[in-house]
Amino acid sequence: FSGRILDEDVLEELEEIMILSDVGVESTKDILEKLKERYKKEKSEDPLLLLRDIMVEHLDNKPLNLNPDKKPFVILVVGVNGTGKTTTIAKLGKLYKEKGKDVVFAAGDTFRAAAIEQLKEWGKRLNINVIAHSHGSDAAAVAYDALNHAISKNKDVVIIDTAGRLHTKSNLMEELKKIKRVIQKVIPDAPHEILLVLDGTTGQNGIIQAKVFKEAIDLSGIAITKLDGTAKGGIAFAINQELKIPIKLIGVGEKAEDLQIFDPEMYCNALLGIEE
Amino acid sequence: MFDSIQKKLSKAFKSLKGQGKLSEKNIKDAVKTVKMSLLEADVNYKVVKEFVEKVKEKALGKEVLESLTPDQEFIRIVRDELIELMGGNEKPKLNISRRPAYIMLVGLQGSGKTTHAAKLAKYFKKQGKAPLLVAADTYRPAAIDQLVQLGKQIEVPVFTGDRKNAINIVKEAMDHAEKLVHDIVILDTAGRLHIDENMMQELEEIKKITQPDEILMVVDAMIGQDAVNSAKEFNNRLELDGFIISKLDGDARGGVIISIRQVTQKPIKFVGVGEKVDDLELFYPERYASRILGM
Ligand SMILES: Nc1nc2c(ncn2[C@@H]2O[C@H](COP(=O)(O)OP(=O)(O)OP(=O)(O)O)[C@@H](O)[C@H]2O)c(=O)[nH]1
Ligand SMILES: Nc1nc2c(ncn2[C@@H]2O[C@H](COP(=O)(O)OP(=O)(O)OP(=O)(O)O)[C@@H](O)[C@H]2O)c(=O)[nH]1
Ligand SMILES: [K+]
Ligand SMILES: [Mg+2]
Ligand SMILES: [Mg+2]
């Protein structure tokens, strides 16, 4: 787009890029309006780069706390089915471990077949202790035990897995509220992070997901997974604009090290197809 | 939000009353309303563009304005066109005449393959068949345990072989199935990205060995614009026989149904409507046209 002026054609091309990245109609319209206004004031050599800069400026940003003073620091991980919650927990466990933290996992998905075994396998690989009950047991009780274990063993970080659930299932959303309440019985200001794990291939449904999870238990951040594919995860931008939930982490693979701390500029460049 | 497309369309047409025929110009608002609605449903941008052109042609030819309710007439054209695009009245059919027949499930990570392997096994078991599940995902932690547990739940045997090499597991499973007279063999494979060359080759290899009667790609109903890229690539590499759309029990509009059908011309055969082993339905297009349109 270098050297081109911001005319109807360019606007349409930009719109296409953004929609194809899952930013969505509304959010795309908003940001292109801002681009038009800005362009009037400061003529730019490259409308695409100006758009990138505006997007970066508008992204609400609040990085994950890697050196928390709370002890134990409690992270609750939630989201719809199959987005990458359990894998992201493994990645987070590795990250905190590398920062010298003593980590414990809570196997709070007591519902899906072999969800407990999956987390245990990660625990074994990463040498992280996993607190688990049996399949079908009460998820809140697992969280409760994990917190008490962490307190008594002087652990630094507790990361709690939960079963994937569609935001439309109100009984499952109630269960999530209960998990949070039980956590707060042990540590009143916990969880210190509530992360929504969002599949990077998700389309416009992501907005409703975020809205409903936020209303139910509040969210402190978003982790977008699977951005090692060809999807751009633009729905997270729309969520960020509409609901002001910061994006904190990016998943770029299936291995424990495939986690990046969110970088607004990198994200927007990738979203708009700008080579760095 | 739900009746918004109808409202918007009736508004768009009200202003046209008394203008006689539909023209390119006076149909613009109505077409735009449809376009926006489809984009909000995650139908692929390019597919939407083609689609609205086609609808425009149909509507212009049909003198919609003559009717008493031009907005409803217009929406009927849109719906019919969507249903046509999704396969019209064709009945969802599986080609499983061979004995044993092989069904191979493929797809992106977390789309629902393992769950749907179990759902299909249950579906066939209910029909009096003797299915065998094959755990050929040697990558995801506890993927094999997951299938084993699901198999136990539905009382269908699960072949796990050496738990290490998918190709070997599949080969051994074939002997096993012949010996034990299973009539349907369902292969669960690891989730993978369409751009992962090694992993895509593994699927090609499994296909070569088993010559499946049905290769079905499991696609998450919540997927967005990128659906066409993965579906196209899986189809190029494997010549899919069709799709299963999972997680339609949520409130995703499911525009992916239109997108992948359009870019691959392959049918959707089943839909997943829950996490439980019984939550499987055959795909009937009429049921999804209104949902995709947001009516
Ligand atoms: N390519 C890629 N795959 C990922 C990434 N994160 C997770 N996955 C894969 O996605 C699939 C689902 O991941 P899980 O961590 O089991 O997802 P989950 O949200 O815990 O799933 P449920 O507990 O069933 O709701 C697995 O195959 C993971 O290996 C990522 O960043 N990139
Ligand atoms: N609500 C709902 N959840 C589903 C449906 N199908 C699968 N799931 C859930 O989606 C998540 C992922 O399903 P899996 O069957 O493990 O997906 P997969 O494709 O085998 O995942 P990988 O092997 O990691 O690639 C699990 O939590 C399932 O319970 C469905 O139709 N509806
Ligand atoms: K998914
Ligand atoms: Mg999980
Ligand atoms: Mg699987």
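Lettering of chains follows the sequences in order, A, B, ..., and the numbering in each one begins at 1.
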**Request:** Could you give me the CA-CA distance, side-chain angles and deciding distance for I223(B) and T202(A), then say whether side-chain contact (heavy atoms from CB on, under 4.5 Å) is met?
**Result:** CA-CA 4 Å; I223(B) 196 170; T202(A) 310; over 6 Å; no
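When side chains are defined from C-beta on, P141(B) does not count as touching E117(A), because their heavy atoms never get closer than 4.5 Å. Residues D249(B) and T168(A) are not in side-chain contact: their nearest non-hydrogen atoms beyond the backbone lie 4.5 Å or more apart. Between Q204(A) and L39(B), every side-chain heavy-atom pair lies at or beyond the 4.5 Å cut-off.
Sorted pairs that involve residues 16-29 of chain A and meet side-chain hydrogen bond (donor to acceptor under 3.5 Å, both in side chains), not counting sequence neighbours, are lacking altogether.
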Side-chain polar contacts of residues 156-164 of chain B - donor-acceptor pairs under 3.5 angstrom, sequence neighbours left out - could you list them?
from, atom 1, to, atom 2, distance (Å)
D162(B), OD1, K164(B), N, 2.8
D162(B), OD1, N165(B), N, 3.2
R163(B), NH1, D145(B), OD1, 3.3

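Between T230(A) and D226(B), the side chains place a donor N or O and an acceptor N or O closer than 3.5 Å (distance only, hydrogens not considered).
Contacts with chain A (heavy atom to heavy atom, under 4.5 Å) involve these residues of residues 187-200 of chain B, listed by number: G191(B), L193(B), H194(B), I195(B). Along residues 30-37 of chain B, the residues that come nearer than 4.5 angstrom to chain A, judged on non-hydrogen atoms, are M36(B) in order of number.
Of all heavy-atom pairs between Y45(B) and E12(A), the closest is OH-O, 4.2 Å. In terms of heavy-atom proximity, K247(B) sits nearest to L166(A) at O-CD1, 4.4 Å.
Interatomic distance, Q109(B) CD to K226(A) NZ, rounded to the nearest 0.5 Å: 6.0 Å.
For chain B, the nearby part of K169(A) is the side chain; its heavy atoms alone come within less than 4.5 Å.
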